[in-house]
Each structure stands twice: as structure tokens, then as C-alpha cells.
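The structure presented is a predicted model; accordingly, all values stated were derived computationally and were not measured.
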Amino acid sequence: MIIDSHVHYGNSLWGNFSPEDLINIIGENIEFAICSNLEGIDSPNFKFELECNEQMLETAKKFPKLKPLYVCQPNLTENIEIAKEFLKNHSEFIGLKIHPECMKLPADSEKYNKYLELAREFKKPCLYHSGHIKSRFSSPKLIYKKAQEFPDVPIILGHLSTGPKESHIEAINILLDSIENEKATLYVDTSWIDFAYEKLNESYEDTIMLIEALKNTTKGDFTNRILWASDSPVGKFNQDKKSYAYNIQVFKSRIKEHFQDETLLKNLLSKNAKNLYNI
């Protein structure tokens, strides 16, 4: 079975997707999908933090396949005790979701500190949207700067940056620096790494480059830091069941072909996420 480490539902710029739509897209081969509510991130139906996460909680109760992430709004939050009490009472939330690009709040801002302190207290990983390496808000460089202040908090670079190969190379170098010098606990998910202009790059060149780099650090094999993910339903290739299944098929075939390692593939598709999130 497979865990999709980065999905959403809600009314958004990419369309209005109900939880039922998401469940239909990901299909039966997905054991769990790690999910956040887009209506607390970027939506014409924008919801403030508490309402957004209360809705996510009810959705997760109805659809146990969806494992909820707590959407954080440090650009708006004045009373962190509300978030703390919510997380204390609802252990169903397996991590925190942070989107600096949509908030227009640089990822190294002090406003994130109280949320990262909650992540540390409740032992929750934080999934970040990591944007183009030159982004003023969500570049991997800015996320890494903040991660070094909280080295014991697992921080996931969603997308390995949303830029081209040059951005991916720089983000990989950041991951390697965090490992080699033990500066932070960084993970990465594979969503969008080999997608361009909503067309699948079947070579999976950059994903393979990422795996090779983390497989061969001077400290050993760190491919346990890589999580397979889709970012569904963002992107046309993630918005119907057939395309979504095809993308998984190509990922499997390319990793098998290049690495000849069934254990590695299983780890990327499920075990790494299970271990990180204690699912």
C-alpha cells in the first residue's frame, strides 16, 4: 500500500474539491493520505485557523483514510494558546502545515516560533510549502534558516522547491548540509519535482538525483528522509483518478529501473511516512 504525504481538499484557486472528490482521485491503492484544508491556506471561502482545523477534524472522522495536518496562520494568530489547547485535545492531527508563500510571511520570521515550539512540545512534524529558491517567502534557504533554530523538529520541504533543476540542486545541497553538519532535521516530499507545465517528466531525472544524493551522504544512507507525495488535487494531472494512478505507475517503474531496489521503493512510498508520522 501507499501513503500520499501531501494532499488537500477545499475550495481553492485550483478548483472546488470535496473530501469525496479527493478520496475518488487517490483510489483504493492509497492506504492513507496526509491532508490539509485549503480553505485555511488560500481560498475564496477562506477560514480562520480554528474554523479551518475544526472542519478538517470532522472530515478526518468521516474519512479515516485522510490523516489531518493542522493548518497554521502565524501571520494572523494573536493567541497561540488556542492552537495549543486544540492540539492538546485533538491528537488526531499528526503534523502541522505551513505555507509561507500564501501568507506572504517570510519563512524565517519570528512569527513562526510559537508554532514550532508547539511542534516540539507535541512531537509533530511540520510540512512546509517550499517555493522557488529565489522566493522572498518560501525558499528552502529561508525555511532552513528557521529550521536551524529548531533542530529537533522534523521539517519537510514540500516539493523540494517549486523551481526548475537549479532550484532543486540548491535545495538538495541544503538537505545535504543539514545532514552532514547536523544543523536541522529536514525531510522532503517528491510532489512536483518532476512536473513542469502540468506535463509529467517521465525521466524522473531530478527525483533520481535527490535519491542518489541522500543515499550517498558521508554519514550514510538518508533516503528515509524522502516521502512520496502528489500535492493532489493541485495540478491537472492530480485532478482525475486515471492521471493520478498513471503518475504512481511511472514513479514506481523509474525507481525500480534505476535502483533495482524493492525495499527502497517501499520505503519511499509508505514506510518513511509511517515512521515519521507514527501512523
Check the surroundings of atom NZ in Lys165: do more than 12 heavy atoms from other residues, nucleotides or ligands lie under 6.0 Å from it?
yes
Worked check of side-chain hydrogen bond (donor to acceptor under 3.5 Å, both in side chains) between His159 and Ser130:
CA-CA 6 Å; His159 324 304; Ser130 68; over 6 Å; no
Between Glu182 and Lys219, does any side-chain N to carboxylate O distance fall below 4.0 Å?
yes
Other residues, nucleotides, ligands: >12 heavy atoms within 6.0 Å of Lys242 NZ
no
Taking the basic N atoms (NZ, or NE/NH1/NH2) and the acidic carboxylate oxygens, is any pair closer than 4.0 Å for Glu20 and Lys62?
yes
Out of curiosity, Lys141 NZ to Ser167 OG, how far, rounded to the nearest 0.5 Å?
10.0 Å
Show your reasoning for whether side-chain hydrogen bond (donor to acceptor under 3.5 Å, both in side chains) applies to Thr77 and Glu49.
CA-CA 8 Å; Thr77 301; Glu49 187 174 302; 3.1 Å; yes
Go through the side-chain N and O atoms of Asn113 and Lys146 and say whether any donor and acceptor fall under 3.5 Å apart.
yes
If you draw the axis of the six-membered ring of Tyr187, does the NZ or CZ of Arg225 fall within 45° of it and under 6.0 Å from the ring centre?
yes
For residues Glu51 and Glu39, determine if any side-chain heavy atom of one lies less than 4.5 Å from a side-chain heavy atom of the other.
no
Side chains of Ser230 and Asp4: do they bring a donor and an acceptor to under 3.5 Å?
yes
Arg254 side chain vs Ser203 backbone, donor-acceptor pair below 3.5 Å
yes
May I ask you to test the Lys252-Leu265 pair for a side-chain heavy-atom distance under 4.5 Å?
yes
Is it true that Ile133 and Met209 fall in one hydrophobic cluster, defined by side-chain heavy atoms closer than 4.5 Å?
yes
Does atom CG of Asn29 have more than 12 heavy-atom neighbours from other groups under 6.0 Å away?
no
Counting only heavy atoms not in Arg120, do more than 12 sit closer than 6.0 Å to its CZ atom?
yes
Test item: Ser109 side-chain N/O and Leu105 main-chain N/O as donor-acceptor pair under 3.5 Å:
no
We want to know whether Ser138 and Tyr128 form a side-chain donor-acceptor pair, criterion being a heavy-atom distance below 3.5 angstrom.
no
Is a side-chain donor or acceptor of Gln239 paired with a backbone partner of Pro233 at a separation under 3.5 angstrom?
yes
Is atom NZ of Lys114 surrounded by more than 12 heavy atoms (other residues, nucleotides or ligands) closer than 6.0 Å?
no
Mark yes or no for whether Glu101, through its side chain, and Phe137, through its backbone, hold a donor-acceptor pair below 3.5 Å.
no
Donor-acceptor under 3.5 Å (Asp221 side chain, Asn216 main chain)
no
If Ile, Leu, Val, Met, Phe, Trp and Tyr residues are connected whenever their side-chain heavy atoms lie under 4.5 Å apart, and connections chain through other members, are Leu127 and Tyr112 in the same group?
no
Hey, could you give me the CE/NZ distance between Met56 and Lys61, rounded to the nearest 0.5 Å?
11.5 Å
So CG of Leu268 and CG of Asp189: to nearest 0.5 Å the spacing works out to 12.0 Å
In Å, rounded to the nearest 0.5 Å, how long is the span from CD1 of Ile26 to OG of Ser232?
7.5 Å
State, yes or no, whether a side-chain contact exists between Phe251 and Thr207 at a heavy-atom distance under 4.5 Å.
yes
Testing the 3.5 Å rule here: is there a donor-acceptor pair between the side chains of Asp231 and His8?
yes
Quick one: do Lys47 and Glu54 make a salt bridge, cutoff under 4.0 Å?
no
Spacing of Glu81 atom CD and Lys88 atom NZ [to the nearest 0.5 Å]:
10.0 Å
When you group the ILVMFWY residues by side-chain heavy-atom contacts below 4.5 Å and let the links chain together, are Val188 and Phe150 in the same group?
yes
Between Thr190 (side chain only) and Ala229 (backbone N and O only), is there a donor and an acceptor less than 3.5 Å apart?
yes
How long is the straight-line distance from CD1 of Ile169 back to CD1 of Ile174, given to the nearest 0.5 Å?
12.5 Å
Got a donor-acceptor contact below 3.5 angstrom from the Asn272 side chain to the Asn267 backbone?
yes
Tell me whether Lys84 is salt-bridged to Glu121, with the criterion being a basic N under 4.0 Å from an acidic carboxylate O.
yes
Is a donor on one side and an acceptor on the other found under 3.5 Å between the side chain of Ser5 and the backbone of Trp228?
yes
Given 3.5 Å as the limit, does a donor-acceptor pair link the side chain of Thr217 with the main chain of Leu214, or not?
no
Set out, in order, the CA-CA distance, both residues' side-chain angles and the distance that settles side chain to side chain contact (heavy atoms under 4.5 Å, CB included) for Ser178 and Thr185, then state yes or no.
CA-CA 7 Å; Ser178 74; Thr185 306; over 6 Å; no
With side-chain hydrogen bond (donor to acceptor under 3.5 Å, both in side chains) as the criterion, how do Thr59 and Tyr9 come out once you've worked through the C-alpha distance, each side chain's angles and the decisive distance to 0.1 Å?
CA-CA 10 Å; Thr59 298; Tyr9 76 92; 2.9 Å; yes
So, Phe122 versus Phe93, ring centres under 6.0 angstrom or not?
no
In one Ile/Leu/Val/Met/Phe/Trp/Tyr side-chain cluster, 4.5 Å: Leu175, Ile143:
yes
Ring-face cation of Lys65 near Phe32 (centre distance under 6.0 Å, axis angle within 45°):
no
